[in-house]
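By convention here, the first residue in the shown sequence is residue 1. The figures here come from the full heavy-atom set of this structure, side chains too, leaving out hydrogens, waters and symmetry mates.
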Amino acid sequence: MTSTAPRILIVDDSAFMRFMLQKILTDAGFDVVGEGTDGSEGAELYQTLRPDVVTMDITMPILSGLEGLNRILRIDPEARVIMISAMGQKSTVLKALQSGALGFIVKPFDKVKVIDTVRDVLAFSHKSTESPERPDPAPPSREDA
């Protein structure tokens, strides 16, 4: 039997952060179909798995989340990518949103914000004019600057 739950790819170099996100998402009914540890692996997994949403950490070794985002968008300009940032990365988050990310989540994770952000991004469609507008994430708060 095939799952109809939205399919999520998690890309983060921290095993603990991947575990935390996976737990939040699976408990909320999402299907985590893969995990990557850097932007390059994330792009490769995206090509293979074609998930509904990707969560991508911004700061990773080998290939950053921004570069991973760019690679994924070259594979699929309609990809739905949510960037994960630590506090204090305001300019990088804004650059990711300008580059095509549809949302962001700040570490440490707030369960409700993670789920709401994923649902908002899932509701966005690049093609349909009847779908919700492109998610308009609030800029990071002053604590994040």
Side-chain angles (χ1 to χ4, degrees), residues 1-73 75-126 131-145:
M1 182 174 174
T2 305
S3 172
T4 59
R7 303 169 70 245
I8 313 293
L9 170 62
I10 297 171
V11 184
D12 196 307
D13 59 310
S14 166
F16 178 72
M17 290 297 151
R18 291 193 311 272
F19 171 79
M20 293 296 296
L21 264 179
Q22 181 184 40
K23 174 126 179 67
I24 290 169
L25 294 169
T26 56
D27 286 353
F30 297 107
D31 182 12
V32 175
V33 295
E35 296 182 13
T37 58
D38 65 68
S40 179
E41 188 176 12
E44 290 171 15
L45 286 168
Y46 185 89
Q47 177 78 38
T48 303
L49 300 171
R50 295 295 174 140
D52 298 307
V53 173
V54 177
T55 65
M56 175 87 65
D57 188 26
I58 288 178
T59 305
M60 294 182 286
I62 302 173
L63 193 72
S64 75
L66 286 175
E67 285 300 318
L69 168 67
N70 290 331
R71 284 190 185 182
I72 288 172
L73 291 175
I75 294 166
D76 178 5
E78 297 178 2
R80 295 179 180 117
V81 181
I82 298 169
M83 302 308 290
I84 307 291
S85 72
M87 289 186 180
Q89 294 183 313
K90 180 180 177 180
S91 64
T92 308
V93 167
L94 293 175
K95 185 174 181 179
L97 293 171
Q98 292 167 346
S99 296
L102 295 178
F104 71 92
I105 300 168
V106 177
K107 295 177 191 176
F109 299 129
D110 174 296
K111 180 179 176 179
V112 173
K113 287 183 182 177
V114 169
I115 294 165
D116 286 348
T117 301
V118 171
R119 287 184 178 146
D120 288 348
V121 168
L122 280 166
F124 176 77
S125 171
H126 293 275
S131 70
E133 296 279 326
R134 179 180 179 94
D136 187 20
S141 65
R142 285 190 302 152
E143 296 111 33
D144 300 337

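- A heavy-atom distance below 4.5 Å is not found between the side chains of R18 and V32.
- For I10 against L25, the heavy-atom pair with the smallest separation is CD1-CD1, 4.1 Å.
- At a threshold of 4.5 Å between non-hydrogen side-chain atoms, the residues P6 and V53 do not count as touching.
- Using a 4.5 Å heavy-atom cutoff, the side chains of P51 and I8 are not in contact.
- Atom CD of residue E41 and atom CG of residue L63 lie 11.0 Å apart, to the nearest 0.5 angstrom.
- Among all heavy-atom pairs drawn from A5 and G29, the shortest one is CB-O, 3.1 Å.
- Heavy-atom minimum distance, L9 versus G36: CD1-N, 4.5 Å.
- T92 places none of its side-chain heavy atoms less than 4.5 Å from the side chain of T59.
- Applying the salt bridge (Lys or Arg N to Asp or Glu O under 4.0 Å) test to pairs two or more places apart or on separate chains, those with a residue in residues 55-73 are D57-K107.
- For the residue pair Y46 and V54, the shortest heavy atom distance occurs at CD1-CG2, 3.5 Å.
- For the pair R80 (side chain) and L102 (backbone), a donor-acceptor distance under 3.5 Å is absent.
- In this structure, the separation between CG on L122 and OG1 on T117 is 11.0 Å, given to the nearest 0.5 Å.
- With rounding to the nearest 0.5 Å, the separation of OG in S99 from CG in N70 is 5.0 Å.
- R50 contributes atom CZ, which lies 6.5 Å from atom CD1 of I75 (distance to the nearest 0.5 angstrom).
- Nearest heavy-atom pair, L21 versus I84, reported as atom, atom and distance to 0.1 Å: CD1-CD1, 4.1 Å.
- For the atom pair CD of Q22 and CG of D12, the computed distance is 12.5 Å after rounding to the nearest 0.5 Å.
- Residue M83 holds its CE atom at 5.0 Å from CG of L66, rounded to the nearest 0.5 Å.
- Annotation: side-chain contact (heavy atoms from CB on, under 4.5 Å) contacts of R119 (sequence neighbours excluded): F30, I115.
- When all heavy atoms of T37 and M60 are compared, the pair lying nearest together is O-SD, 3.8 Å.
- One N or O on the side chain of D52 and one on the backbone of R7 form a donor-acceptor pair closer than 3.5 Å.
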